[in-house]
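Please read the structure below before turning to the comments.
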Amino acid sequence: MAEVGRAAVRDPGELLPGGFWEAVAVWLEKPQVANKRLCGVRLEARRRAALPWVSPRGRRPNAGPELEEPGAAGRGPRPPEGGPGRGPEESRHRRQQGEGPGEAAAAPLLVEGPGQPDKAGAGEGDFSAWDLDSLWDDFSRSLAGGSHELLAFLTGARAGSQPEAPSELDVVLRTVIPKTSPLCPLAAPRREVVVQDVLNGTVTFLPLEEDDKGNVKVDTNNVYQIRLSGSKEEWFISILIFCPERWHSDGTVYPKPAWLGEELLARLARWSVGSKKSGFKSTLSLISIIEYSKTYRALKEKHKDMVKVWPEVTDPEKFVYEDVAIAAYLLILWEEERAELGLTAKQSFVDLGCGNGLLVHILSAEGHPGRGIDVRRRKIWDVYGPQTCLEEGAITPSDETLFPDVDWVIGNHSDELTPWIPVIAARSHYSCRFFVLPCCFFDFVGKYARRQSRKTQYREYLDFVTEVGLACGFHVQEDCLRIPSTKRVCLIGKRRTYPPTGEAPMEEQRAREKAERVRNCAALPRDFVDQVVLQVGHLLLDAERPCAASAPGGSLKAWNRGGSLSLADVASELDGETLRRLKRECGGLQTLLKNNHQVFEVRSGRVHLRDWREERLRKQRQPEARRRLFSEAFKTRLCWFFSHHPDGCALPSDCCPFAHGPEELRPAQTPRRKQVL
């Protein structure tokens with residue numbers, strides 16, 4: 001036995017020992033967070049058992065095994081009442097609320113047994129050789145029969161002494177799934193038995209090996225243990241290897257001992273005192289990880305040349321491999337759906353706001369009939385060929401924008417269309433499903449306005465889109481994709497909450513909610529909006545009249561930037577009828593001012609006139625892709641300041657993005673999406 005690393009852990013928040021078990025749960029259920037060469041794990045079975053020990057008569061007491069279903073895999077070890085392990089119970093409850101590991105464990109498994117072909121969806125009853133109950137009983141008998149060194153390693157601090165009663169252990173069978181690469185194309189999943197001893201503060205990892213006859217036993221060469229020791233005054237986390245001279249590092253599932261003692265140990269120490277509840281599901285919790293890994297690898301190899309010919313200004317590697325990962329996820333999701341429903345025909349789809357169209361191209365190449373629609377044609381579309389159906393056109397949610405001929409409606413970073421995806425799917429036909437990957441935050445009429453400060457904006461927006469799906473009559477599921485993006489949570493609506501006979505009343509309800517929803521100043525008469533904008537603009541100009549305002553470059557120009565007023569001060573200057581009309585709109589006065597982005601800035605509850613000299617400098621620092629989109633809207637609208645500001649526009653005509661008079665107006669290069677029905 002050798003200790004490969006030990007770390008002292010400061011615990012000012014008194015999170016230990018509970019924080020230790022949260023950290024262990026991450027390494028048990030999501031080791032890919034630390035070891036980037038892993039794809040993930042599957043928790044296959046769980047049971048509680050007694051600590052192996054030798055009674056005076058040489059017989060091992062009956063452990064009273066209790067085998068649990070994989071769906072219970074999110075449960076951690078149950079500590080003895082009153083013992084030092086009471087912390088993990090509370091920390092495990094917090095982690096279950098955020099991560100839901102039981103859902104991941106209930107997904108289909110891949111079994112590779114002797115003479116058995118690779119397959120997904122096998123239940124645990126299909127491979128008795130891997131049965132955890134018999135595995136643990138055989139292992140316990142071998143320990144009691146003579147493997148005293150391994151028994152001492154397993155029992156840790158109690159080595160050499162006999163407990164008055166058997167200690168209850170939590171025993172987990174898991175499959176560790178490595179990533180494959182050109183350098184290691186044949187990396188195979190490895191199974192382990194993980195033994196958690198709460199009373200002793202140890203977690204021992206026992207690799208399994210299988211002989212030619214299909215017999216399974218523990219491979220003692222690569223046994224290692226994570227151990228917590230100490231007390232409230234001083235805590236230590238250490239990693240030990242049972243047989244260091246025989247340790248075999250394969251570079252993926254079993255790294256070098258130095259990595260365990262440095263990288264992994266440092267992460268465990270940090271997680272133990274800094275772990276927080278996650279508000280998201282585990283990655284790839286709704287599909288088979290192994291099948292996803294195979295499909296992703298095949299698609300990545302098939303479409304790798306797309307990176308070399310990418311004509312867009314966007315990063316080719318990020319966009320290509322992100323769409324490859326999304327396509328792999330959908331293909332496995334749809335494959336499992338066909339198996340569940342007994343279907344043979346591949347699902348059809350429409351991708352709304354398809355952008356570069358690569359997702360449509362990949363799904364079509366895999367035999368799924370479908371098309372993509374976007375408001376602007378991309379250069380890359382010409383590369384795909386005629387078999388990929390991509391259409392240029394504005395998407396206006398309406399009674400005409402429905403798709404009765406498709407199975408799935410997709411919204412992949414669909415911006416303003418994101419909340420409309422469940423609505424369009426629900427109204428297309430009863431069996432239509434949806435997949436949406438939210439990115440930018442939009443509601444039905446514009447930028448999404450936050451409603452709660454206790455959640456992150458991302459979490460709040462995901463909940464908003466989920467509420468839309470529920471209101472449309474979907475059971476909405478959530479999953480985390482494995483993509484190079486901070487916005488990687490997808491929402492899926494596969495089933496309805498009502499039977500087909502309830503479609504007519506649900507459609508009436510959706511139509512009623514749709515009529516009530518369009519109340520964000522977007523439908524107000526143009527002359528009314530212009531009047532309010534002009535009145536507020538004059539209020540700001542009268543609030544302060546500096547003699548001169550310096551431009552950001554250092555030059556002086558006598559241009560009145562006006563002052564700033566609180567929203568309450570602005571509202572107090574408007575007449576009662578105007579205020580009553582605005583109060584009937586969602587967001588009221590603030591929404592109207594934010595909608596008129598050219599004229600106003602609203603910051604921290606105060607209203608300012610926008611100085612486009614500063615905006616011009618900000619635009620110059622933006623990425624080329626954003627600047628190109630900005631240039632496409634150049635001179636397509638009249639400049640408010642040129643027409644209404646007493647000093648005119650702060651920018652000369654050739655620098656202002658808006659037209660100084662009707663003669664400078666030019667037609668928009670791309671049609672603008674209508675925001676309301």
From Leu358, Leu359, Leu331, residue fulfilling side chain to side chain contact (heavy atoms under 4.5 Å, CB included) relative to Ile326: Leu359
Results of side chain to side chain donor-acceptor pair (under 3.5 Å) for Tyr321 - residues two or more places apart only: none
Cys490 and Val436, any side-chain heavy atoms less than 4.5 Å apart: no
Reported CG-to-OG1 distance for the pair Asp382 and Thr388, which is rounded to 0.5 angstrom: 11.5 Å
Leu665 side chain reached by Lys635 side chain, heavy atoms, under 4.5 Å: no
Glu508, Glu400, Glu507 screened by salt bridge (charged side-chain N to carboxylate O under 4.0 Å, His left out) with Arg427, the one that passes: Glu507
Euclidean distance, Asn412 CG relative to Leu437 CG, rounded to 0.5 Å: 5.5 Å
Pairs satisfying ring-ring contact (aromatic ring centres under 6.0 Å, His included), at least one member in residues 467-495, at least two apart: Phe434-Phe474
Pairwise side-chain contact, Ser414 with Phe442, heavy-atom cut-off 4.5 Å (strictly under): no
Nearest atoms (heavy-atom pairs only) where Lys447 meets Asp443: O-OD2, 3.8 Å
Carboxylate-amine/guanidinium contact Arg488 Glu478, below 4.0 Å: no
Any side-chain heavy-atom pair of Val41 and Pro31 under 4.5 Å: yes
Qualifying residues under side chain to side chain contact (heavy atoms under 4.5 Å, CB included), relative to Pro316, sequence neighbours excluded: Val307, Trp310
For Arg378, all residues meeting side chain to side chain contact (heavy atoms under 4.5 Å, CB included), sequence neighbours excluded: Glu312, Asp374, Arg376, Ile380, Trp381
Sub-4.5 Å side-chain heavy-atom contact between Val476 and Val468: no
Backbone N/O of Thr396 and side chain of Thr401: donor-acceptor pair under 3.5 Å: yes
Criterion side chain to side chain donor-acceptor pair (under 3.5 Å) on Arg191 and Thr175, from CA distance to verdict: CA-CA 4 Å; Arg191 280 191 170 85; Thr175 298; 3.2 Å; yes
Non-hydrogen atoms of Met306 and Tyr384 that approach each other most closely: CE-CE2, 4.0 Å
Side chain to side chain donor-acceptor pair (under 3.5 Å) partners of Arg371, counting only residues at least two apart: Glu391
Atom pair CD1 (Ile395) and CG (Leu352), whose distance is rounded to the nearest 0.5 Å: 5.0 Å
Partner residues of Lys487 under the side chain to side chain contact (heavy atoms under 4.5 Å, CB included) criterion, sequence neighbours left out: Cys439, Phe441, Tyr458, Ser485
Check: Trp334 and Phe349 side chains under 4.5 Å, non-hydrogen atoms: yes
Any residue meeting salt bridge (charged side-chain N to carboxylate O under 4.0 Å, His left out) with Glu322, in chain and number order, not counting sequence neighbours: Lys318
Tyr448 and Glu460 side chains, donor-acceptor separation under 3.5 Å: yes
From CA spacing to verdict: side chain to side chain contact (heavy atoms under 4.5 Å, CB included), Glu366, Leu299: CA-CA 10 Å; Glu366 296 302 312; Leu299 292 179; 3.5 Å; yes
For the student: nearest non-hydrogen atoms of Gly370 and Ser364, plus distance: O-OG, 4.1 Å
Closest contact, heavy atoms only, Leu390 versus Cys354: CD2-SG, 4.0 Å
Distance-only donor-acceptor hits, side chain of residues 403-410, under 3.5 Å, sequence neighbours excluded:
unit_1	atom_1	unit_2	atom_2	d
Asp407	OD2	Ser348	N	2.9
Asp407	OD2	Ser348	OG	3.2
Trp408	NE1	Glu337	OE1	3.3

Listed partners of Gln387 passing side chain to side chain contact (heavy atoms under 4.5 Å, CB included), at least two apart: His361
Residue pair Lys300 / Val324: nearest heavy atoms and the distance that separates them: N-CG1, 3.8 Å
Main-chain N/O of Val33 paired to Lys36 side chain as donor or acceptor, under 3.5 Å: yes
Residues which pass salt bridge (charged side-chain N to carboxylate O under 4.0 Å, His left out) with Arg495, listed by chain and number, not counting sequence neighbours: Glu340
Side-chain (Ser293) to main-chain (Ile289) donor-acceptor, under 3.5 angstrom: no
Heavy-atom side-chain proximity of Thr283 to Leu481 below 4.5 angstrom: no
Any donor-acceptor N/O pair, His429 side chain to Cys432 backbone, under 3.5 Å: yes
Distance-minimising heavy-atom pair for Pro419 and Tyr461: CD-OH, 3.7 Å
All salt bridge (charged side-chain N to carboxylate O under 4.0 Å, His left out) counterparts of Arg496, not counting sequence neighbours: Glu503
Reported NZ-to-CD1 distance for the pair Lys294 and Ile332, which is rounded to 0.5 angstrom: 9.5 Å
Student check: side-chain heavy atoms of Leu462 and Pro438 closer than 4.5 Å: yes
Worked check of side chain to side chain contact (heavy atoms under 4.5 Å, CB included) between Val350 and Ile373: CA-CA 8 Å; Val350 60; Ile373 308 173; 4.2 Å; yes
Derivation of the side chain to side chain contact (heavy atoms under 4.5 Å, CB included) call for Gln347 and Leu330: CA-CA 10 Å; Gln347 295 88 334; Leu330 285 171; over 6 Å; no
Salt-bridge present (Arg338, Glu335; N to O < 4.0 Å): no
Parallel, tilted or perpendicular, as decided by the 30° and 60° cut-offs, for the rings of Tyr292 and Tyr296: parallel
Nearest-0.5 Å distance, CD of residue Glu29 to CG of residue Leu43: 5.5 Å
Salt bridge (charged side-chain N to carboxylate O under 4.0 Å, His left out) involving Glu467 - partner list, sequence neighbours excluded: none
Leu284 backbone acceptor or donor facing Asp479 side chain under 3.5 Å: yes
Whether Phe435 and Tyr329 hold their rings parallel, tilted or perpendicular, with breakpoints at 30° and 60°: tilted
Derivation of the side chain to side chain contact (heavy atoms under 4.5 Å, CB included) call for Leu38 and Ile177: CA-CA 6 Å; Leu38 298 180; Ile177 307 164; over 6 Å; no
